[in-house]
Amino acid sequence: MSLEGLFAFVQNLTLAQVLAYFWPFFLLDMLRYVIIESLLIGKFLFKRKRRRQQRASARHQLFMERPLVSIIVPGKNEGKHIPALANSLTHQTYQNFELIIVDDGSDDNTALICRQLLKQGKIDRFFRNEVRGGKASGANTALRFSQGKFIVHIDADSHLAADAIEQILLPFYLDASVGAVGGDVRVANEDASFATRLQTIEYIKTISAGRVAASELGILRIISGAHGAFRRDVLDQVYGWDVGPGLDGDITLKIRKLGYRVVHAVHAVCYTNVPSRFTNLRRQRYRWDRSLVRFRLRKHLNMLAPSANFRSSSFFSIIENIVFNVFFDFKWIVYVVYMLYTAPSYLGYVFIINYFLYFIANIVQFVIARTLIAPSYRTIDGLTPFFLPLMPFYTGLYLRAVRTYAYLMEFLHKTSYDDPWNPWKVSRIAKKEKL
C-alpha cells in the first residue's frame with residue numbers, strides 16, 4: 001500500500017463503488033448526523049430569533065410568579081464537589097429555590113461537609129441514608145421532602161452557569177404541555193486528561209447539538225440526571241424515579257407515556273466532571289449502554305403498541321433509538337464481513353478514506369455545534385479542537401466496541417442487574433419486579 005496506490009484507487013472509483021465501499025457513511029452517518037442535524041439546528045436558531053418576544057414574555061411571567069424551585073442532589077461520596085455546586089447556586093439569576101442534598105450512605109466526609117454548608121445557609125435541607133439505597137432512592141427521598149412547583153435534579157459533581165435555573169424553567173412558560181426540560185451538560189474538567197478533551201468534543205456534538213436536533217423533531221429521549229427540570233405534578237404522576245442504572249432515560253419515557261412534551265434547553269448550562277481515565281470512562285459507558293436495552297427494549301417496548309396513550313412522537317423516539325443506536329450499531333460487523341468478502345485487497349485504502357470522511361464530518365459537526373452554543377460557551381483553553389483528528393478512533397472504534405459489548409451482555413445475561421452502581425438488594429428486587 002502506497003500513496004500513489006491510494007490516489008490511483010480514488011481516481012478509479014465509480015459511483016457504484018463509492019456507495020458499495022462507503023455506504024455506512026453516506027447512507028447513514030452523513031445523512032443523519034451532518035445533513036439532517038444541521039438543518040434542524042438551523043431551524044432551531046431561526047425559531048429562537050423569531051421567538052425573542054415570547055421568551056421575554058415567559059421570563060416576565062416566571063419572575064412575576066416566582067414559583068419555588070426544589071433543587072435536589074442525591075449522591076454517594078460526593079462531598080468534595082458539593083461546595084462548588086452550592087457556591088454556583090448563590091450566583092443564580094433566579095433565587096427562589098431550596099437546595100436539598102441527600103447523602104446516600106457515603107463512607108467519606110460528605111456528611112460533615114454538608115452539615116457545615118447547612119450551618120452556613122448554603123444548603124436548605126440535608127438528609128443522610130445510613131444504608132445505601134441507590135441514586136433513585138436518594139432522589140425520591142429528596143422529592144418526598146421537597147416543596148417546589150418545579151424539581152431540578154442535579155448531579156453532585158456538577159455546577160451551574162449563572163442563569164441555568166432561569167433558562168431551564170422558561171420552556172415550561174412557553175408551552176404548557178412541557179413536562180420535563182433537559183439542561184445542556186458540558187465538561188467542567190476539560191483540561192484534566194486526554195480522555196476529558198475527547199469527551200468535551202463528544203458532549204458538544206451529541207448533547208448540545210444532538211439533543212437540540214432531537215428536541216426539534218419532538219423525539220428527545222433523555223433528560224440528563226446531571227441537569228434536568230420537571231413539573232412537580234408530573235413527577236407525582238409517575239411516582240418519581242425507578243431503580244437504574246439508566247434511570248434518567250427511564251423517567252423520561254415514563255413522562256412521554258403520559259403525553260407530555262420533553263424538550264432540551266441548550267442555554268441552561270451545567271458543567272460536570274467526566275471520567276479522566278479511559279478505564280473509568282469504559283465503566284460509565286458500559287453502564288449507560290446496557291440501560292438502553294433494559295429500558296427501551298424491555299420495560300418500555302409497549303410504547304410501540306397501539307393504546308389509549310399512544311403518541312406518534314414517542315413511537316418514533318423509541319424506533320429511532322433502537323434502529324440507530326442498537327440495530328445499526330452492529331452494522332460495522334456486517335460491513336467488515338462484506339468488505340472482506342468483496343474487496344479484501346482494498347481494505348487499507350478503504351480504511352484511510354473512511355477515516356478522512358469521518359474526520360471531515362466531525363469538523364463540520366463541531367463547527368455547527370459551536371455556532372449553536374456560542375452565546376453560552378465557556379472554554380478552558382484552545383487546545384481541545386486539536387483533538388478532532390482523534391474523534392473517528394474515539395467514537396468509531398473505542399466507544400463502539402464498548403457499546404457493542406454492553407448490548408450483547410445485556411441481551412444475553414441481563415448484566416445491568418448485577419451492576420454495583422446499585423446495591424445488590426435493590427437490583428435483586430428490581431429484577432424480580434422487571435423494573
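All heavy atoms count here, side chains included; hydrogens, waters and symmetry mates do not.
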Discussion item. How about OH on Y346, more than 12 heavy atoms from neighbouring residues, nucleotides or ligands closer than 6.0 Å, or not?
Written reply: no
Worksheet item: Side-chain contact, heavy-atom cut-off 4.5 Å: V178 with Y173?
Response: no
Practice prompt. Go through the side-chain N and O atoms of E166 and T93 and say whether any donor and acceptor fall under 3.5 Å apart.
Written response: yes
Item to complete: Tell me whether the centres of the aromatic rings in Y21 and Y349 are closer together than 6.0 Å.
Response: no
Worksheet item: Does Y405 OH have over 12 foreign heavy atoms under 6.0 Å away?
Response: no
Fill in: Geometric cation-pi criterion R290 and Y286, 6.0 Å radius, 45° cone
yes
Worksheet item: Between the main-chain N or O of A192 and the side-chain N or O of S276, is there a donor-acceptor pair closer than 3.5 Å?
Response: no
Discussion item. Quick one: does any side-chain atom of S193 pair with a main-chain N or O of R277 as donor and acceptor, under 3.5 Å?
Written reply: no
Fill in: Close side-chain approach of R400 to K331, heavy-atom, < 4.5 Å
yes
Worksheet item: Going by an N to O cut-off under 4.0 Å, is there a salt bridge joining K205 and E37?
Response: no
Practice prompt. Assess the side chains of S106 and D103: does a donor N or O sit below 3.5 Å from an acceptor N or O?
Written response: yes
Item to complete: Go through F387 and Y394 one step at a time and tell me if the ring pair (Phe, Tyr, Trp, His ring centres under 6.0 Å) criterion holds.
Response: CA-CA 10 Å; F387 285 75; Y394 171 66; over 10 Å; no
Fill in: Close side-chain approach of L31 and I36, heavy atoms under 4.5 Å
yes
Worksheet item: Can D242 and K299 be counted as an ion pair, charged N to O under 4.0 angstrom?
Response: yes
Item to complete: State which residue, out of V187, L390, T384, L388, fulfils the side-chain contact (heavy atoms from CB on, under 4.5 Å) condition with R197.
Response: T384
Practice prompt. Before giving the answer on side-chain contact (heavy atoms from CB on, under 4.5 Å), spell out for I101 and L117 the whole-Å C-alpha distance, their side-chain angles and the decisive distance to 0.1 Å.
Written response: CA-CA 10 Å; I101 308 289; L117 292 171; over 6 Å; no
Worksheet item: Under 4.5 Å between any side-chain heavy atoms of D184 and Q167, yes or no?
Response: no
Worksheet item: With a 4.0 Å cut-off, would you call R261 and D175 a salt bridge?
Response: yes
Practice prompt. Assign the ring pair F356 / F359 to parallel, tilted or perpendicular, where the plane angle (0 to 90°) is split at 30° and 60°.
Written response: perpendicular
Worksheet item: Quick one: does V73's side chain get under 4.5 Å of I100's, heavy atoms only?
Response: no
Worksheet item: Can a salt bridge be assigned to the pair D104 and K76 using a cut-off of 4.0 Å between side-chain N and carboxylate O?
Response: no
Worksheet item: With distance as the sole test, does S88 use its side chain to make a donor-acceptor pair with the main-chain N or O of L160 at under 3.5 Å?
Response: yes
Item to complete: Mind telling me whether F63 and Y94 have parallel, tilted or perpendicular rings, with 30° and 60° as the class edges?
Response: perpendicular
Discussion item. Please tell me whether H413 and D418 have a donor and an acceptor in their side chains that are separated by less than 3.5 angstrom.
Written reply: no
Discussion item. I'd like to know whether OH of Y355 has more than 12 heavy-atom contacts from other residues, nucleotides or ligands below 6.0 angstrom.
Written reply: yes
Discussion item. Please give me the minimum heavy-atom distance between S224 and V185, naming the atom from each residue.
Written reply: OG-CG2, 3.7 Å
Discussion item. Quick check: do R186 and Y203 have side-chain heavy atoms less than 4.5 Å from each other?
Written reply: no
Practice prompt. Give a yes-or-no answer on whether the side chains of Y271 and D157 include a donor-acceptor pair shorter than 3.5 Å.
Written response: no
Discussion item. Less than 4.5 Å apart, side chain to side chain, heavy atoms only: is that true for T252 and L220?
Written reply: no
Worksheet item: Hey, do the aromatic rings of Y338 and W332 have their centres closer than 6.0 Å?
Response: no
Practice prompt. Would you name the heavy atoms of I219 and S317 that are closest together and state the gap between them?
Written response: O-OG, 3.0 Å
Practice prompt. In sequence, state the C-alpha distance, the side-chain angles, and the governing distance for F97 and F150, and then conclude on ring pair (Phe, Tyr, Trp, His ring centres under 6.0 Å).
Written response: CA-CA 9 Å; F97 61 80; F150 299 104; over 10 Å; no
Discussion item. I'd like to know if the side chain of K122 and the backbone of C114 have a donor-acceptor N/O pair within less than 3.5 Å.
Written reply: no
Fill in: Intermediate values then yes/no, side-chain contact (heavy atoms from CB on, under 4.5 Å), I251 and L247
CA-CA 6 Å; I251 198 168; L247 69 167; over 6 Å; no
Discussion item. Under the criterion salt bridge (Lys or Arg N to Asp or Glu O under 4.0 Å), I'd like the reasoning laid out for D329 against R403: C-alpha separation, chi angles, the key distance, then a yes or no.
Written reply: CA-CA 8 Å; D329 181 72; R403 186 163 56 245; 2.8 Å; yes
Worksheet entry | Carboxylate-amine/guanidinium contact E410 R294, below 4.0 Å | no
Fill in: Pairs touching residues 132-141 that satisfy side chain to side chain donor-acceptor pair (under 3.5 Å), sequence neighbours left out
K135-D155
Worksheet item: Are N362 and F366 close enough that some pair of their side-chain heavy atoms sits under 4.5 Å apart?
Response: no
Fill in: Residue M339 excluded, over 12 heavy atoms near CE under 6.0 Å
yes
Fill in: Flag, side chain of N189 to backbone of V274, donor-acceptor distance under 3.5 Å
yes
Item to complete: Using the six-membered ring wherever Trp is involved, compare the ring planes of F351 and F393 and label them parallel, tilted or perpendicular (cut-offs 30° and 60°).
Response: tilted
Worksheet entry | Smallest separation among heavy atoms of H267 and D163, with atom names | O-OD1, 4.2 Å
Discussion item. Determine whether D289 and Y407 satisfy the following criterion, side chain to side chain donor-acceptor pair (under 3.5 Å), listing intermediate values before the conclusion.
Written reply: CA-CA 7 Å; D289 294 332; Y407 291 164; 4.7 Å; no
Practice prompt. Considering only NZ, NE, NH1 and NH2 on the basic side and carboxylate oxygens on the acidic side, decide whether E216 and R211 come within less than 4.0 Å.
Written response: no
Discussion item. Determine whether a donor-acceptor pair (N or O, by modelled atom type, separation under 3.5 Å) exists between the side chain of S57 and the backbone of Q53.
Written reply: no
Worksheet item: Taking atom types as modelled and ignoring hydrogens, do the side chains of Q365 and Y33 form a donor-acceptor contact shorter than 3.5 angstrom?
Response: no
Practice prompt. Answer with yes or no whether the side chains of T272 and S158 bring together a donor and an acceptor at under 3.5 Å.
Written response: yes
Worksheet item: Hey, does the side chain of R55 reach the backbone of P171 with a donor-acceptor pair shorter than 3.5 angstrom?
Response: no
Discussion item. Is it the case that the side chains of S70 and E98 hold a donor-acceptor pair, with the cut-off being a distance below 3.5 Å and no angle test?
Written reply: yes
Discussion item. Quick one about N302 and K257 (side-chain donor to acceptor, distance below 3.5 Å, no hydrogens or angles considered), yes or no?
Written reply: yes
Worksheet item: Is there a donor-acceptor contact under 3.5 Å linking the side chains of S146 and R232?
Response: yes
Discussion item. Would the distance check show the side chain of H153 and the main-chain N or O of G225 forming a donor-acceptor pair, the cut-off being under 3.5 Å?
Written reply: yes
Worksheet item: With no hydrogens and no angle check, is any side-chain donor or acceptor of T404 less than 3.5 Å from a backbone partner on A401?
Response: no
Worksheet item: So which heavy atom on A139 is nearest to which on I72, and how close?
Response: O-CD1, 3.8 Å
